[in-house]
Structures are given as structure tokens and as C-alpha cells.
Amino acid sequence: MNDDQLLRYSRHILLPQIGIKGQETLIQSHVLVVGAGGLGSPAVLYLAASGVGKLTICDSDKVDLTNLQRQIAHSTDRIGIPKSDSAKKTLAGINPEVNVIALNERMDENRLLQLIRNADVVVDASDNFPTRYIINRVCTLYKKPLVSGAVVRFDGQVAVFDLRHAHSPCYHCLFPADGEDQDMRCAVMGVFAPLVGVIGCVQAAETLKILLDIGQTLNSRLLLLDGLSMEWRSIRLNKDPSCKVCGTNEYSRSTYV
């Protein structure tokens with residue numbers, strides 16, 4: 001690191017769990033963030049500020065006035081432009097050293113196969129189950145750590161699914177695709193603005209811990225937050241042996257070739 005970097009990241013370097021070696025690890029890391037909305041905004045802000053060297057941000061939506069109540073990577077003067085481009089502009093002002101790749105496109109399985117292969121950690125900040133299931137399948141295939149978050153109304157949740165570990169569950173173990181879970185879009189249900197910031201920041205923290213290999217991550221745990229009472233609950237998750245994605249009856253890998 002040069003002198004400016006040593007100064008910029010000095011508060012990280014002071015932490016014995018990070019130090020110069022850890023900060024250099026962050027600078028050399030690549031994180032893929034799917035979604036630049038309520039969760040993705042705080043996540044990418046802190047990942048960039050922390051010095052993650054490469055951030056790929058994927059979002060097919062454009063900035064809308066209704067987003068500005070909670071999506072802090074965007075501003076009023078950017079209404080109508082792609083969210084990924086807006087986030088890139090914001091991050092350039094925070095840390096111009098970060099290589100931000102802005103992808104204004106909807107993620108399908110083929111595209112995610114290309115992107116996730118080259119990422120160190122994947123942050124799922126999307127807002128719908130189909131996208132989450134695809135991200136999970138590809139992360140499971142490549143054994144990439146997945147940091148998943150969701151918020152609706154006053155309720156938030158975050159979990160880590162790290163399939164580098166054989167006994168770790170995947171997202172599908174928790175929310176089977178053939179279950180009764182329905183998307184609860186904030187456009188219909190509403191969302192408490194600061195709550196997405198809290199959950200998005202937890203996603204950023206878990207991502208950094210994974211990259212640095214420090215502490216204990218939320219792998220195999222679901223962290224729930226009731227924003228009205230401000231009470232946290234932690235639930236232990238177990239791998240489902242019959243899971244169609246990561247269990248003994250997992251999808252044939254030939255599906256992804």
C-alpha cells in the first residue's frame with residue numbers, strides 16, 4: 001500500500017484482526033452485489049469505504065422518486081438513470097480507488113454463472129425469490145459464500161450460506177422453492193427506511209469478515225430483527241439432506257455446463 005492508502009485505511013490497520021495484511025487482502029478482493037436498492041446501497045457504500053478492490057454491482061432498475069426514502073446510494077438529481085450507474089458515481093466520491101463495474105441488466109442464470117465464478121463473495125440484495133433462488137444455485141455450484149438479506153415493513157433478516165463448508169445449509173434449505181413463501185415487495189407492503197440500512201450494513205460486515213477470515217460469521221444462522229421492538233433473534237439453521245440444491249439429491253451439475 002502507498003502512503004495515502006495507509007492513511008485512508010489506518011483505522012482498519014489499527015485493528016489486530018485486520019492490520020496491513022488484512023487490508024491488502026480487501027484491496028485484492030472482488031465482491032458481487034446483486035441489487036443496488038435499499039439493501040445494496042449501504043452494503044456497497046461500506047464495502048467501497050472499507051477498501052474492497054473490485055465491486056460488481058448488478059441492477060436493471062432506474063432510480064425512481066419512491067426509492068429515495070431509503071436507497072441512500074442515489075439522489076434526487078439521478079432520477080431516471082440506472083441504479084448501478086448511480087451507485088458507481090456515489091462510490092467514486094467515497095473511494096475512487098475501488099474498481100466498480102456497473103451492470104444495468106437483469107440477472108439470469110447464464111449471466112450469474114459468468115459473474116459468480118470470478119467473485120470471492122456474493123451479496124444478495126435483490127427483492128424477489130426467483131432471483132434469490134438462482135443466486136443460491138450458482139453459489140452452491142461454485143461453493144461461493146453467499147450473504148443474503150431481506151427487509152419488509154419493520155422486519156429484517158440476514159444470513160450467510162457458505163457452501164465451502166460441507167455441513168452448511170443453502171438458501172433453498174431455509175426457503176424451499178416449492179414452499180408457500182410469497183414475494184412481499186416493499187412497493188405493496190411498505191418498508192421502514194432505516195431498517196434496510198441496518199440489514200445492509202450487517203451484510204457488509206459479514207462480507208468483510210468472510211474476506212478477512214476473522215471472527216464468527218452468520219454461516220448456518222438466521223439473524224432476525226424486529227424493528228419496532230428493536231429485538232434481535234438468532235436461529236440455528238441445519239442442512240436439509242433432501243435439499244434439491246445442496247443435499248444428496250442436488251441438481252445435476254450437467255445442468256450448469
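The other members of the hydrophobic cluster of Ile20, by chain and number, are Met1, Leu6, Tyr9, Ile13, Ile27 (side-chain heavy atoms under 4.5 Å, ILVMFWY only). By the 4.5 Å side-chain criterion applied to Ile, Leu, Val, Met, Phe, Trp and Tyr, Tyr46 is assigned to no cluster and stands alone.
By the side-chain hydrogen bond (donor to acceptor under 3.5 Å, both in side chains) test, Arg106 is found to be paired with no residue, residues two or more places apart in sequence or in another chain being considered. Shown here are the side-chain hydrogen bond (donor to acceptor under 3.5 Å, both in side chains) partners of Arg8, two or more places apart in sequence or in another chain: there are none. Take Lys88 and apply the salt bridge (Lys or Arg N to Asp or Glu O under 4.0 Å) test, not counting sequence neighbours, and it matches no residue. Listed by chain and residue number, Glu105, Gln114 satisfy the side-chain hydrogen bond (donor to acceptor under 3.5 Å, both in side chains) test with Arg111 (two or more places apart in sequence, or in another chain). Partners of Asp120 under the side-chain hydrogen bond (donor to acceptor under 3.5 Å, both in side chains) rule, at least two apart in sequence or in another chain, do not exist in this structure. Judged as a side chain to side chain contact (heavy atoms under 4.5 Å, CB included), and not counting sequence neighbours, Ala205 has no contacts. Taking Asp162 as the reference, Arg164 meet the salt bridge (Lys or Arg N to Asp or Glu O under 4.0 Å) condition, with sequence neighbours excluded.
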For this session: Applying side-chain hydrogen bond (donor to acceptor under 3.5 Å, both in side chains), run through Asn104 and Ser84 and close with a yes or a no.
Result: CA-CA 6 Å; Asn104 178 29; Ser84 56; 4.7 Å; no
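Relative ring orientation between Phe129 and Tyr171 is described as tilted, the plane-to-plane angle lying within the 30° to 60° band.
For residues 12-25, the side-chain hydrogen bond (donor to acceptor under 3.5 Å, both in side chains) pairs, not counting sequence neighbours, are His12-Gln23. For the salt bridge (Lys or Arg N to Asp or Glu O under 4.0 Å) condition, no pair includes a residue of residues 28-38, sequence neighbours left out.
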Ignoring hydrogens and angles, write down the donor-acceptor pairs under 3.5 Å from the side chains of residues 32-42, residues two or more places apart or on other chains.
| unit_1 | atom_1 | unit_2 | atom_2 | d |
| --- | --- | --- | --- | --- |
| Ser41 | OG | Gly37 | O | 2.7 |
| Ser41 | OG | Ala73 | N | 3.3 |

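Lys209 contributes a side-chain N or O that, together with a main-chain N or O of Gln216, makes up a donor-acceptor pair within less than 3.5 Å.
Separating the CG atom in Leu26 from the CG atom in Leu47 is a distance of 9.0 Å, to the nearest 0.5 Å.
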